[in-house]
There are 2 protein chains.
Amino acid sequence: MNKESVDSTEKLILEAAKKVFIEKGMEGARMHEIAEEANINKALLHYYYRTKEKLFFAVFQYAFQQFLPNVEALFKTGMPFDQRIELFVHQYMKLLLKNPFIPLFILHEINRNPEMIANHIFQSGVNPRALEQIIHEEIEQGNIRPIHPRQLILNIISLCVFPIAAKPLVKRIIFNNDNIAYEKFLDDRETEVIQFILNAIKIK
Amino acid sequence: MNKESVDSTEKLILEAAKKVFIEKGMEGARMHEIAEEANINKALLHYYYRTKEKLFFAVFQYAFQQFLPNVEALFKTGMPFDQRIELFVHQYMKLLLKNPFIPLFILHEINRNPEMIANHIFQSGVNPRALEQIIHEEIEQGNIRPIHPRQLILNIISLCVFPIAAKPLVKRIIFNNDNIAYEKFLDDRETEVIQFILNAIKIK
DNA sequence: GTCTATATTGTGATAGAC
DNA sequence: GTCTATCACAATATAGAC
C-alpha cells in the first residue's frame, strides 16, 4: 500500500528535476540533463509536464515547503520558551542539513520572480504574527530581554540558514577546505547556535 | 586627473555588465541586455571582452571585493572588543545595504563554480586565523564568554548578510510587503544586531 | 572603434512512428 | 507511453564594411 508509486515515469522525472533544478536553478538547468538524470527521453518531459516552466514550478513547490521552518515546536504550550527555541533550532537545522542546496535555490528564484512567493505563502501555514505575539508575551512577563520580535525571528533564521547557504564559501575561507574540521563544525553548530541565542535574550 | 576614464566604452560596458550580471547571474544575464544597458552595439562587448565568460569574470572580481567584509576595524588596537564589533557591523551593514544584490550573486556563483573562490581569496587580504586569535585572546582574558571563535565569526556574518540576501522573502513574509515598516526595520537592525551579539558574548 | 549582417551552436518544444 | 527526428528560435560569437 505504499502510496508513492515509486517507479512511475512521472515520479521519476520529478525526482530528476528536483536534483537538477535545485542545484542549478531555472536558467542553469537543462531539460536534456534532467532527462539524462531520469534515464528517459527528452520528449517525455514534455509529455508529462508540457513546459520547462511547469516542471520547474512543481519543483519549486516542493522546495519551498522544505525551506519554510516548521514552527510547530514554538507553539507547544506548557514548555518553557528556552526549550521551544532549542527544539526549533534543532528541527530546522536538521532539515536544512538534509537539503543543503535548497536555501540558495529558494533565495535565488525568489529574487528572480518575486510574485511566486505570494502564491505559496498563504497555503504554507506560516503565521509570523502569532510568533511575534508569543515573543511579545515573553518580554512582557520579564522572561527575556526586550527585543523587537521581528528582529529576533530573523536573527534565529539567519543563524540557521546562512551557514548552509554559504557552505562552499565558508568551507573554503574559514576551513581552508578541511572537510573533517568543517563537518565537526557543523555538528557542533546546533548547540552553539542555541547557546548564542539564549545568551543573547536571557535576563541576568 | 580623474583616473576613472569616465566615458570610455570599456568602462561603460563594465558598469552595464555589473548591473545586469549582479542582478541576474551568469546564466540569467543576456549579452544583448548588457549592450542595451550600455547603449552600444552587441558586437562591441566581444571587441572589448571577447567572451561572455571573460566579461562575467571581471564583474565577479569586483563583486567579490564588495562582499568580503573589511576587517581592518577589528585590528585597530587600543579599542575595546565591544567597540570593534560595533564598528565592524556598522561598516559591513552599510556596505551591504548599498549593494543589496551582491550577497546572493556571490553565493549563487560560488555554488556554481567553486574553483573560482580560491583564485580570489588569497589576494583578498582576509585572514580568518588572525581574527580567531583575537577572539581567543578575549576569551582567555575573561572579557567574553567562551565560544568557538569560528562559530562567533560566522554568527556575526550571518546576522549581517542573510537579511540582505533574503530581502524579498523577508519583506513579503514578515512585513506583508509593507515598505515603510520594512525600511524602518532595516534602519533599526544595525543597532539591534550589535546589541544581540554583545548580549550573547558578554559575561554577566 | 563602431556598426550591420551573418554564422553557429544550444535548447525548448513538437510531429509522428511504434 | 515512449521513442527518433526535426523544428523554431534564441543567444553567443564572428566577418567585414566604414
Side-chain angles (χ1 to χ4, degrees), chain A residues 2-63 105 108-109 111-113 115-116, chain B residues 2-63 105 108-109 111-113 115-116:
Chain A
N2 200 332
K3 187 181 171 294
E4 337 174 352
S5 44
V6 188
D7 284 25
S8 82
T9 306
E10 191 172 348
K11 190 85 186 166
L12 220 75
I13 291 174
L14 188 62
E15 287 307 312
K18 277 184 195 172
K19 187 168 174 189
V20 177
F21 273 131
I22 288 174
E23 198 176 323
K24 311 207 168 172
M26 171 68 176
E27 294 109 336
R30 296 291 159 241
M31 291 297 265
H32 90 93
E33 197 182 349
I34 295 171
E36 229 167 59
E37 178 73 32
N39 282 313
I40 51 136
N41 192 277
K42 238 181 26 161
L44 270 186
L45 299 182
H46 293 95
Y47 176 79
Y48 282 101
Y49 290 90
R50 282 206 62 77
T51 68
K52 185 184 183 184
E53 194 71 41
K54 285 183 169 57
L55 179 53
F56 175 81
F57 193 76
V59 172
F60 182 85
Q61 215 156 4
Y62 160 81
F105 168 76
H108 183 248
E109 292 307 326
N111 207 272
R112 204 177 62 92
N113 184 8
E115 315 91 69
M116 206 185 263
Chain B
N2 200 332
K3 189 184 170 291
E4 336 175 352
S5 45
V6 187
D7 285 25
S8 80
T9 306
E10 191 173 347
K11 190 84 184 167
L12 221 75
I13 290 174
L14 188 62
E15 288 306 313
K18 276 184 197 173
K19 188 167 173 190
V20 177
F21 273 132
I22 289 175
E23 199 177 322
K24 310 206 169 174
M26 170 66 177
E27 295 108 336
R30 296 290 160 239
M31 292 296 265
H32 92 94
E33 196 181 350
I34 295 171
E36 228 168 59
E37 178 73 31
N39 281 313
I40 52 141
N41 193 277
K42 242 180 22 161
L44 272 185
L45 299 180
H46 292 96
Y47 176 79
Y48 282 101
Y49 289 90
R50 283 207 58 79
T51 67
K52 184 184 183 183
E53 194 72 39
K54 285 184 169 56
L55 180 54
F56 175 81
F57 193 76
V59 172
F60 182 85
Q61 214 155 5
Y62 159 82
F105 170 75
H108 183 247
E109 292 307 325
N111 208 272
R112 205 177 61 91
N113 184 9
E115 315 92 67
M116 206 184 262

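Just so it is clear, the values below take in all heavy atoms, side chains as well, and ignore hydrogens, waters and symmetry mates. Every chain is numbered from 1 and lettered A, B, ... according to where its sequence line falls, protein lines coming before strand lines.
- Annotation: B:Phe105 is in aromatic contact with B:Phe56 [ring centroid separation under 6.0 Å].
- Note on A:Thr9: a side-chain N or O is less than 4.0 Å away from OP1 or OP2 of D:dT2.
- Within the 4.5 Å cutoff, the side chain of B:Leu45 has heavy atoms near those of the B:Ile40 side chain.
- Between A:Arg50 and C:dT14 there is a side-chain polar atom (N or O) within less than 4.0 angstrom of OP1 or OP2.
- Using a 4.0 Å heavy-atom criterion, one finds that A:Ala29 contacts the sugar-phosphate atoms exclusively.
- Which of D:dT2, D:dA15, C:dA15 sits closest to the side chain of A:Ala43 comes down to C:dA15.
- Counting only distance, with no hydrogens or angles, the side chain of A:Lys42 and the backbone of A:Ile34 share no donor-acceptor pair below 3.5 Å.
- Residue A:Ile34 contributes atom CD1, which lies 18 Å from atom P of C:dG10 at whole-angstrom precision.
- Distance, B:Tyr47 OH to C:dA5 P: 21 Å, rounded to whole Å.
- Atom CG in A:Leu44 sits about 13 Å away from atom C1' in C:dA13, given to the nearest Å.
- At D:dG1, one or more side-chain N or O atoms of A:Tyr48 fall inside 4.0 Å of OP1 or OP2 (strictly under the cut-off).
- In this structure, the side chain of A:Glu37 does not engage the main chain of A:Lys19 through any donor-acceptor pair within 3.5 Å.
- Residue A:His32 contributes atom NE2, which lies 10 Å from atom P of C:dG10 at whole-angstrom precision.
- Under 4.0 angstrom from either OP1 or OP2 of C:dG12 there lies at least one side-chain N or O belonging to A:Arg30.
- Side chain of A:Asn41, nearest nucleotide from C:dC3, C:dG12, D:dT4: D:dT4.
- Remark: P of D:dT12 and NZ of B:Lys42 are 7 Å apart, rounded to the nearest angstrom.
- Between the CG atom of A:Leu45 and the C1' atom of C:dT11 there is a distance of 12 Å, rounded to whole Å.
- One can place CD of A:Glu33 at 10 Å from P of C:dT11, the figure rounded to the nearest angstrom.
- For the OP1/OP2 pair of C:dT14 and a distance below 4.0 Å, the side-chain nitrogens and oxygens of A:His46 include no atom meeting the criterion.
- As rounded to whole Å, 15 Å separates atom C1' of C:dT9 from atom CE of B:Met31.
- In this structure a side-chain-to-backbone donor-acceptor pair under 3.5 Å is missing from B:Lys24 to A:Arg112.
- Proximity note for A:Lys52 (side chain, C-beta onward) versus C:dA13, D:dT12, D:dC3: the nearest is C:dA13.
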